[in-house]
J.: 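Quick one: structure below, then a few questions.
Along the sequence shown, residues carry numbers from 1.
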Amino acid sequence: MAKREKLQKTNAMRELDRAGIAYGVRTYEVDENDLSGVHVAEQLGEEPGQGFKTLVCEAPGGGHVVCCIPVAEELDLKRAAQVAGEKTLTMMHVRDLVPVTGYMRGGCSPVGMKKRFPTLIDETCELWDEIFISGGRRGLQLVIAPDDLVAFTGATVAAITR
């Protein structure tokens, strides 16, 4: 009988474990040519509205805001800025993602970043008992109750998509 490969824990998983928050793990084959959440949802047979991507934005004063939205949706930067209490927000350049968050594009999780940032989660998360977020590396998803994610990250739930 083959030995089952042990899944190496990510920062996101370790933080949720320490907090005693239940989550599930799903793995998928990474396609370097298509890192989109829609592609991942299709590959895993998931509803795209149930999968949430993590986007990191920059505020004019140099602060950062984390936004989690359904994978098939587009972030409304103006609305997100209003909700975050910022004048404007811009998307963080991908080259700055690892130094600021510790995560790379396609594997960015709202849990386990180098530092805690204000977090916004689109209100559609409330439509689901469980949502899918990045597990902290490409090829890994976490299945988590939206209420647990909101409570753990201290997120604000609001309409932040177009």
Side-chain angles (χ1 to χ4, degrees), residues 12 16 23-24 26 28-162:
L16 293 173
Y23 63 91
R26 299 197 69 189
Y28 60 92
E29 205 61 42
V30 178
D31 179 352
E32 294 292 335
N33 296 316
D34 189 353
L35 295 173
S36 75
V38 172
H39 180 69
V40 172
E42 288 170 354
Q43 193 176 354
L44 293 172
E46 300 168 353
E47 276 292 325
Q50 196 172 2
F52 281 69
K53 59 187 170 186
T54 303
L55 305 172
V56 184
C57 300
E58 294 180 317
H64 298 91
V65 176
V66 175
C67 298
C68 296
I69 64 170
V71 296
E73 300 298 325
E74 203 172 312
L75 179 64
D76 184 333
L77 286 166
K78 194 177 223 177
R79 180 73 182 124
Q82 287 175 329
V83 174
E86 297 288 348
K87 187 173 182 167
T88 61
L89 287 176
T90 56
M91 292 299 299
M92 174 186 280
H93 195 284
V94 73
R95 74 171 174 263
D96 298 326
L97 198 56
V98 173
V100 172
T101 68
Y103 291 130
M104 66 186 336
R105 179 177 171 262
C108 189
S109 179
V111 177
M113 290 187 181
K114 286 182 174 182
K115 186 176 159 194
R116 286 224 177 180
F117 298 110
T119 302
L120 311 177
I121 302 177
D122 189 68
E123 67 183 0
T124 57
C125 72
E126 296 174 334
L127 300 173
W128 307 96
D129 292 332
E130 295 178 323
I131 59 173
F132 306 103
I133 61 171
S134 172
R137 73 171 163 253
R138 293 175 182 171
L140 183 69
Q141 274 189 339
L142 300 181
V143 184
I144 188 169
D147 291 344
D148 288 344
L149 181 62
V150 169
F152 182 78
T153 58
T156 300
V157 176
I160 57 171
T161 59
R162 297 183 211 209

J.: Do side-chain atoms of E130 reach the backbone of P146 as a donor and acceptor pair under 3.5 angstrom?
T.: no
J.: I need the minimum non-hydrogen distance between V100 and K114, along with the two atoms involved.
T.: O-CB, 3.8 Å
J.: To the nearest 0.5 Å, what is the distance between OH (Y103) and OG (S134)?
T.: 7.5 Å
J.: With sequence neighbours left out, what residues match T161 under side chain to side chain donor-acceptor pair (under 3.5 Å)?
T.: none
J.: Once rounded to the nearest 0.5 Å, what's the spacing between atom CG of D129 and atom CD1 of I144?
T.: 13.5 Å
J.: What is the minimum heavy-atom distance between M104 and V98, and which atoms define it?
T.: CA-CG2, 3.8 Å
J.: So, taking the atom named NE2 in H39 and the one named CD in E29, what distance separates them when rounded to the nearest 0.5 Å?
T.: 9.5 Å
J.: Please confirm whether the backbone N or O of R95 pairs with a side-chain atom of R105, one donor and one acceptor, at under 3.5 Å?
T.: no
J.: For E126, what residues pass the side chain to side chain contact (heavy atoms under 4.5 Å, CB included) criterion, not counting sequence neighbours?
T.: V157
J.: Is the side chain of T119 donor-acceptor paired with the backbone N or O of A155 at a distance under 3.5 Å, no angle test?
T.: no
J.: Would you indicate whether the side-chain heavy atoms of L77 and M91 approach each other to under 4.5 Å?
T.: yes
J.: Checking side-chain contact (heavy atoms from CB on, under 4.5 Å) against C108, which of I133, L55, L97 comes through?
T.: L97
J.: For A72, enumerate each residue passing the side chain to side chain contact (heavy atoms under 4.5 Å, CB included) test, keeping only those at least two apart in sequence or located in another chain.
T.: V38, P48
J.: Check for a donor-acceptor pair, side chain of K53 on one end and backbone N or O of C68 on the other, with a separation under 3.5 Å.
T.: no
J.: For the pair Y28 (side chain) and V40 (backbone), establish whether a donor and an acceptor sit closer than 3.5 Å, ignoring hydrogens and angles.
T.: no
J.: Under the 3.5 angstrom rule, does the side chain of W128 hit a backbone N or O of G51 as a donor-acceptor pair?
T.: no
J.: Could you pull out all residues at least two apart from Q82 that satisfy side chain to side chain donor-acceptor pair (under 3.5 Å)?
T.: R79
J.: Are any side-chain N or O atoms of T90 and backbone N or O atoms of T88, one a donor and one an acceptor, separated by less than 3.5 Å?
T.: no
J.: Out of curiosity, I121 CD1 to C67 SG, how far, rounded to the nearest 0.5 Å?
T.: 10.0 Å
J.: Any heavy-atom pair between the side chains of V66 and L120 that's under 4.5 Å?
T.: no
J.: Hey, does E32 have a side-chain heavy atom less than 4.5 Å from the side chain of R138?
T.: yes
J.: I'd like to check F132 versus L142 (side-chain heavy atoms, cut-off strictly below 4.5 Å). Are they in contact?
T.: no
J.: Listed by chain and number, what are the side chain to side chain donor-acceptor pair (under 3.5 Å) partners of E46, not counting sequence neighbours?
T.: R26, Q141
J.: With heavy-atom distances below 4.5 Å as the criterion, would you say the side chains of V111 and L149 are in contact?
T.: yes
J.: Rounded to the nearest 0.5 Å, how far apart are CD1 of I131 and SG of C125?
T.: 5.5 Å
J.: Look up atom NZ in K78 and atom CZ in R162, then write down how far apart they are to the nearest 0.5 Å.
T.: 10.5 Å
J.: Are T101 and K115 close enough that some pair of their side-chain heavy atoms sits under 4.5 Å apart?
T.: no
J.: Going by side chain to side chain contact (heavy atoms under 4.5 Å, CB included), name the residues that satisfy it together with A158, two or more places apart in sequence or in a different chain.
T.: V83, I160
J.: Can you name the nearest heavy-atom pair linking M113 to F117, along with the distance?
T.: SD-CD1, 3.8 Å
